[in-house]
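Quick note: numbers below take in every heavy atom, side chains included, and nothing from hydrogens, waters or symmetry partners.
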Amino acid sequence: MLKTNKEFRAISCEALKGNWTPVVLATLIYCAIVGASSFTFLFSIPISIFLVAPIGMSFVILYVKFLRGEKENAISNLFTCFKDYGKFLGTSLLVVVFTFLWTLLLIIPGIIKSYAYSMTFFIVHDDSAIGSNDAIELSMKMMKGNKMKLFLLDLSFIGWYLLGLLSLGIGYLWIIPYHYTARAAFYENLKETYTNVEVSQ
């Protein structure tokens with residue numbers, strides 16, 4: 001049974017207590033990469049895509065690693081994608097393309113599919129043998145009946161993101177780790193009922 005949103009946020013807060021610096025710096029570096037990529041996108045689309053997509057996947061995964069105890073390795077974990085670049089690139093691009101194609105139909109189906117695919121990156125991390133398509137399929141199975149639960153968890157952070165605007169976005173360096181660690185906690189709770197997802201050591 002899934003925990004409540006309040007419990008996921010509490011898990012996130014407990015994990016982050018006294019350990020903010022590594023994830024805040026990792027978030028700053030990631031935002032800088034995304035920002036620089038956006039600036040050069042029109043001039044170098046392939047480089048932007050091939051760099052940001054896999055690093056974005058690493059950025060999601062670093063929070064489940066952080067939650068599992070890798071408190072000081074957030075910055076190095078941001079670049080985990082370069083240890084298995086092909087798989088990270090392929091998986092991240094498949095998720096982006098599938099979501100984009102659904103969005104072309106209508107915005108709502110695209111959003112729904114983004115939640116269906118939301119566990120894919122975690123699954124690939126936890127099962128090095130699984131293929132990208134199989135990871136997406138497993139994510140959809142895991143999220144069946146749970147998409148609204150994750151959506152409501154995300155929605156519970158809206159107030160924080162609005163407050164972040166008052167700091168000219170600087171507050172996002174703390175809000176994003178708080179949010180993404182809660183999402184990692186959601187995955188950890190969800191996968192307890194799926195024994196075929198093996199946690200990597």
Side-chain angles (χ1 to χ4, degrees), residues 1-17 19-20 22-31 34 52-71 73-75 77-78 80-81 88 91-92 94-96 98-99 110-127 130 135-136 138-164 171-194 197 199-200:
M1 182 176 179
L2 284 178
K3 293 179 171 65
T4 64
N5 289 342
K6 183 178 180 180
E7 288 174 312
F8 288 129
R9 292 194 300 270
I11 292 170
S12 179
C13 285
E14 183 61 30
L16 288 162
K17 189 183 300 182
N19 298 293
W20 284 95
V23 287
V24 167
L25 290 176
T27 302
L28 176 62
I29 293 169
Y30 176 66
C31 290
V34 172
V52 173
I55 288 181
M57 182 172 169
S58 291
F59 185 66
V60 171
I61 290 172
L62 78 82
Y63 286 98
V64 81
K65 289 185 173 183
F66 176 84
L67 193 60
R68 292 173 182 171
E70 295 190 36
K71 305 293 186 183
N73 301 331
I75 294 176
N77 285 338
L78 178 60
T80 299
C81 58
F88 273 70
T91 302
S92 56
L94 273 180
V95 170
V96 169
F98 287 168
T99 304
I111 293 174
I112 292 173
K113 282 298 181 181
S114 72
Y115 278 91
Y117 304 150
S118 61
M119 301 295 106
T120 302
F121 297 164
F122 296 129
I123 292 168
V124 168
H125 168 64
D126 280 347
D127 186 352
I130 197 169
I136 290 173
L138 181 53
S139 177
M140 289 192 289
K141 290 178 182 178
M142 292 175 70
M143 289 303 291
K144 186 176 182 181
N146 294 307
K147 292 185 283 293
M148 180 57 71
K149 294 177 182 177
L150 182 56
F151 173 76
L152 291 175
L153 176 61
D154 290 342
L155 196 63
S156 71
F157 285 90
I158 289 296
W160 285 105
Y161 281 103
L162 292 175
L163 285 174
Y172 292 153
L173 296 178
W174 286 264
I175 296 167
I176 291 173
Y178 178 31
H179 182 189
Y180 276 54
T181 304
R183 267 185 155 237
F186 181 94
Y187 167 71
E188 291 286 73
N189 189 193
L190 183 62
K191 75 178 178 63
E192 289 173 1
T193 58
Y194 287 83
V197 181
V199 179
S200 60

Over all atoms of both residues, closest heavy-atom pair of Ile175 and Gly164: CD1-CA, 3.8 Å
Crowding at OH, Tyr172 (>12 non-hydrogen neighbours, <6.0 Å): yes
Rounded distance (nearest 0.5 Å) linking atom CG of Asp127 with atom NZ of Lys191: 11.5 Å
Which atom of Val124 lies closest to which atom of Ala135, heavy atoms considered: CG2-CB, 3.6 Å
Pair Tyr63 and Phe59, ring centroids less than 6.0 Å apart: yes
Spacing of OH belonging to Tyr30 relative to CD1 belonging to Ile75, to within rounding of 0.5 Å: 15.5 Å
Side-chain heavy atoms of Met57 within contact of Cys81, under 4.5 Å: no
Expected output: side-chain Thr181 to main-chain Ser12 donor-acceptor under 3.5 Å: no
Reference residue Phe66; test side-chain contact (heavy atoms from CB on, under 4.5 Å); the match among Asn77, Leu16, Asn73: Leu16
Side chain proximity check, Lys113 to Met140, heavy atoms < 4.5 angstrom: yes
Whether Glu7 side chain and Thr4 backbone form a donor-acceptor pair below 3.5 Å: yes
CA sep, side-chain torsions, deciding dist, call: Leu62, Thr80, side-chain contact (heavy atoms from CB on, under 4.5 Å): CA-CA 8 Å; Leu62 78 82; Thr80 299; over 6 Å; no
Worked verdict on Tyr178 versus Trp20 for side-chain contact (heavy atoms from CB on, under 4.5 Å): CA-CA 9 Å; Tyr178 178 31; Trp20 284 95; 4.2 Å; yes
Result of checking Tyr117, Tyr187, Phe186 against Phe122 for ring pair (Phe, Tyr, Trp, His ring centres under 6.0 Å): Tyr187
Heavy-atom check, side chain of Tyr115 versus side chain of Asp154, under 4.5 Å: yes
Min side-chain heavy-atom separation Lys141-Lys144 under 4.5 Å: no
Minimum side-chain heavy-atom gap Leu78-Ile29 below 4.5 Å: yes
Those residues that, when tested against Phe98, pass ring-ring contact (aromatic ring centres under 6.0 Å, His included) (two or more places apart): none
Distance in Å, Leu153 CG paired with Asn5 CG, rounded so as to fall on 0.5 Å steps: 4.5 Å
Step-by-step side-chain contact (heavy atoms from CB on, under 4.5 Å) determination, Ile123 to Met142: CA-CA 10 Å; Ile123 292 168; Met142 292 175 70; 3.7 Å; yes
Close side-chain approach of Phe88 and Ile61, heavy atoms under 4.5 Å: yes
Heavy-atom side-chain proximity of Val60 to His125 below 4.5 angstrom: no
Lys71 NZ to Asn19 CG distance, which is reported to the nearest 0.5 Å: 5.0 Å
Ser118 OG to Asn146 CG distance, which is reported to the nearest 0.5 Å: 9.5 Å
Nearest-0.5 Å distance that lies between atom CZ in Phe151 and atom CD1 in Ile111: 7.5 Å
Member of Lys65, Lys3, Arg183, Arg68 meeting the salt bridge (charged side-chain N to carboxylate O under 4.0 Å, His left out) criterion with Glu188: Arg68
Minimum heavy-atom distance between Ala116 and Ser139, given as atom pair plus value: O-OG, 2.7 Å
Pairwise side-chain contact, Asn189 with Met1, heavy-atom cut-off 4.5 Å (strictly under): no
